[in-house]
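Below: one structure, written as structure tokens.
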Amino acid sequence: MEVTASQHGERLDRALVDMAPEFSRSYLQQLIEAGCVSVNTKLVGKPSQKVKAGDTVAIELRPTPQSQAFKPENMPLQVVFEDEHILVINKPAGLVVHPAPGNWSGTLLNGLLAYDKASALIPRAGIVHRLDKDTSGLMVVARTRLVMDALVQSIAAREVSRQYLAVAHRPWIGSQSVCVDAPVGRDPRNRLRMAVVDLEKTPGKTAKTDVILIANAHAACLVRCILHTGRTHQIRVHMASIGHPLVADLVYGGVGVPEMNRQALHACRLALAHPITGERLVFEAPLPLDFMGLMNAWGLRYNAHLGSK
């Protein structure tokens, strides 16, 4: 491409945006810094370099990590239930759900694309809700666009029941249950965290979690958390806000322990009406080995059918 008179004296990245408007400035800057752009046959490494009228500019296009993220990758998936409409997955701790900076491959989405080729035709391979990387447990995934839209509406209408088990620091005191109704938004003091916020001062969304005591010990408690909303890190933020940060949740005040190298949170129960047949479906996920080891070491007892002992 040739620099025009109107582009004379412009920064290289700005001139490239004019020359190749189908690409973002950010992408073109990445190409410059990667040594993929030359001016008059000489490679240029700085987006701020000025260009002159008549300069010849050449670009070698390269795929970004983002553009290559949505590709099939074979991986073992713990499929709890499947039919032609939905999948229910028991996600292990450590598995990222969706590609993002730092995790452009090896995600659940990549595994779903390999498991079912038809998932490539659906946005996000049918993923309608997420679990944090280090949270284990149940997720429902749509296998058609029609079902995906129905599930999204059901979740928005709070018709999908999601329950979690969590081990939190400090013994529980007071009422056996509490409803934490506190808005959650980006922490204004640390943009990498979420926090309970004042909506009059800080952007956020309403959030509500029921917390029910199951078992107590001298240094911790085992609780069941029932989501009414699904905000980012909601349970972790709400538990920390009431003085019970999750064990090993270093982001929200938890302390690392030998038995657990991730936050002690497990999505144990998922209940929903089948989006096509209307049948009531209920799924329970067994406790992971690390979660059971933590409970045993800390003297917490739990029976999935009978409740606390």
Side-chain angles (χ1 to χ4, degrees), residues 26 65-66 69 91-104 106-109 124 127-139 155-156 158 162-172 178-212 219-268 288 290-291 294 298:
S26 174
Q66 298 96 312
K91 186 190 86 69
L95 178 62
V96 175
V97 170
H98 194 276
N103 294 284
W104 293 120
T107 70
L108 175 61
L109 180 142
R124 299 183 300 280
I127 294 171
V128 293
H129 67 109
R130 303 185 188 184
L131 294 177
D132 295 339
K133 173 185 176 181
D134 290 328
T135 297
S136 55
L138 296 168
M139 294 179 58
I155 291 172
R158 303 179 185 177
R162 290 171 287 168
Q163 297 189 16
Y164 296 70
L165 290 175
V167 178
H169 288 290
R170 292 190 281 277
W172 190 271
V178 63
C179 177
V180 185
D181 192 349
V184 171
R186 190 70 60 181
D187 189 336
R189 295 169 296 181
N190 182 347
R191 304 300 294 174
L192 298 179
R193 293 170 21 123
M194 307 301 287
V196 169
V197 297
D198 181 346
L199 294 180
E200 294 184 357
K201 301 177 180 178
T202 305
K205 295 181 179 180
T206 59
K208 184 177 178 182
T209 309
D210 289 336
V211 184
I212 304 166
C221 56
L222 174 67
V223 296
R224 182 185 298 272
C225 298
I226 303 174
L227 289 181
H228 292 270
T229 54
R231 311 308 179 201
T232 301
H233 299 177
Q234 178 174 317
I235 292 174
R236 299 165 63 188
V237 171
H238 275 175
M239 290 299 294
S241 74
I242 61 173
H244 292 282
L246 302 190
V247 170
D249 188 356
L250 305 184
V251 175
Y252 294 106
V255 178
V257 296
E259 299 84 6
M260 202 83 169
N261 59 8
R262 51 128 179 161
Q263 68 258 10
L265 186 62
H266 175 62
C268 63
D290 60 350
F291 205 101
L294 174 67
W298 287 38

Exam field: side chain T229 to backbone K208, donor-acceptor pair closer than 3.5 Å
yes
Tell me whether H238 contacts the main-chain N or O of A182 through its side chain, where contact means a donor paired with an acceptor under 3.5 Å.
yes
Measuring only between side-chain heavy atoms, which start at C-beta, is R130 closer than 4.5 Å to L108?
no
Tell me the closest heavy-atom pair linking G137 and L131, and the distance in Å.
O-CD1, 3.6 Å
Minimum-distance pair of heavy atoms, taken over all atoms of C268 and L138:
O-CD1, 3.6 Å
Verify side chain to side chain contact (heavy atoms under 4.5 Å, CB included) between C225 and Q234, making sure each step is shown before the conclusion.
CA-CA 10 Å; C225 298; Q234 178 174 317; over 6 Å; no
Whether R193 side chain and V251 backbone form a donor-acceptor pair below 3.5 Å:
yes
Can you find a pair of side-chain heavy atoms, one from L227 and one from T209, that are under 4.5 Å apart?
yes
With a 4.5 Å heavy-atom cut-off, do D249 and M239 have their side chains touching?
no
Between K91 and T135 (side chain of the first, backbone of the second, donor and acceptor by atom type, cut-off under 3.5 Å), is there such a pair?
yes
Distance check, rounded to the nearest 0.5 Å: L294 atom CG versus M260 atom CE?
5.5 Å
Separation between OG (S136) and CG (L95), nearest 0.5 Å, reads 11.0 Å
Taking it one step at a time, do I242 and W172 satisfy side chain to side chain contact (heavy atoms under 4.5 Å, CB included)?
CA-CA 10 Å; I242 61 173; W172 190 271; 4.1 Å; yes
Separation between NZ (K133) and CD (Q263), nearest 0.5 Å, reads 10.5 Å
Do the side chain of R262 and the main chain of L265 share a donor and acceptor less than 3.5 angstrom apart?
yes
Ring geometry between H233 and Y252 (parallel below 30°, tilted from 30 to 60°, perpendicular above 60°)
perpendicular
Counting N and O atoms only, with roles assigned by atom type, does the side chain of R158 sit under 3.5 Å from a partner on the main chain of H228, one being a donor and the other an acceptor?
yes
Atom pair NE2 (H98) and CH2 (W104), whose distance is rounded to the nearest 0.5 Å:
9.0 Å
I need the minimum non-hydrogen distance between A166 and L246, along with the two atoms involved.
CB-CD2, 3.7 Å
Could you grab the distance from atom CZ of R224 to atom CD of Q163, nearest 0.5 Å is fine?
5.0 Å
Can you name the closest pair of heavy atoms from G256 and L250 and give their distance?
N-CD2, 3.5 Å
Using modelled atom types only, decide if a donor and an acceptor are shared between the side chain of R170 and the backbone of G243 within a distance under 3.5 Å.
yes
Any donor-acceptor N/O pair, D132 side chain to D134 backbone, under 3.5 Å:
no
Separation between OG1 of T206 and CG of D181, rounded to the nearest 0.5 Å
7.5 Å
For V97 and I127, the nearest pair of non-hydrogen atoms, with its separation, is O-CD1, 3.7 Å
Given the options I226, V178, I235, V211 meets side-chain contact (heavy atoms from CB on, under 4.5 Å) only with V178
Does the side chain to side chain contact (heavy atoms under 4.5 Å, CB included) test come out yes or no for V237 and V196, once each step is laid out?
CA-CA 7 Å; V237 171; V196 169; 3.8 Å; yes
Which is it for H169 and H244 under the side chain to side chain contact (heavy atoms under 4.5 Å, CB included) test, yes or no, and what are the steps along the way?
CA-CA 5 Å; H169 288 290; H244 292 282; 5.9 Å; no
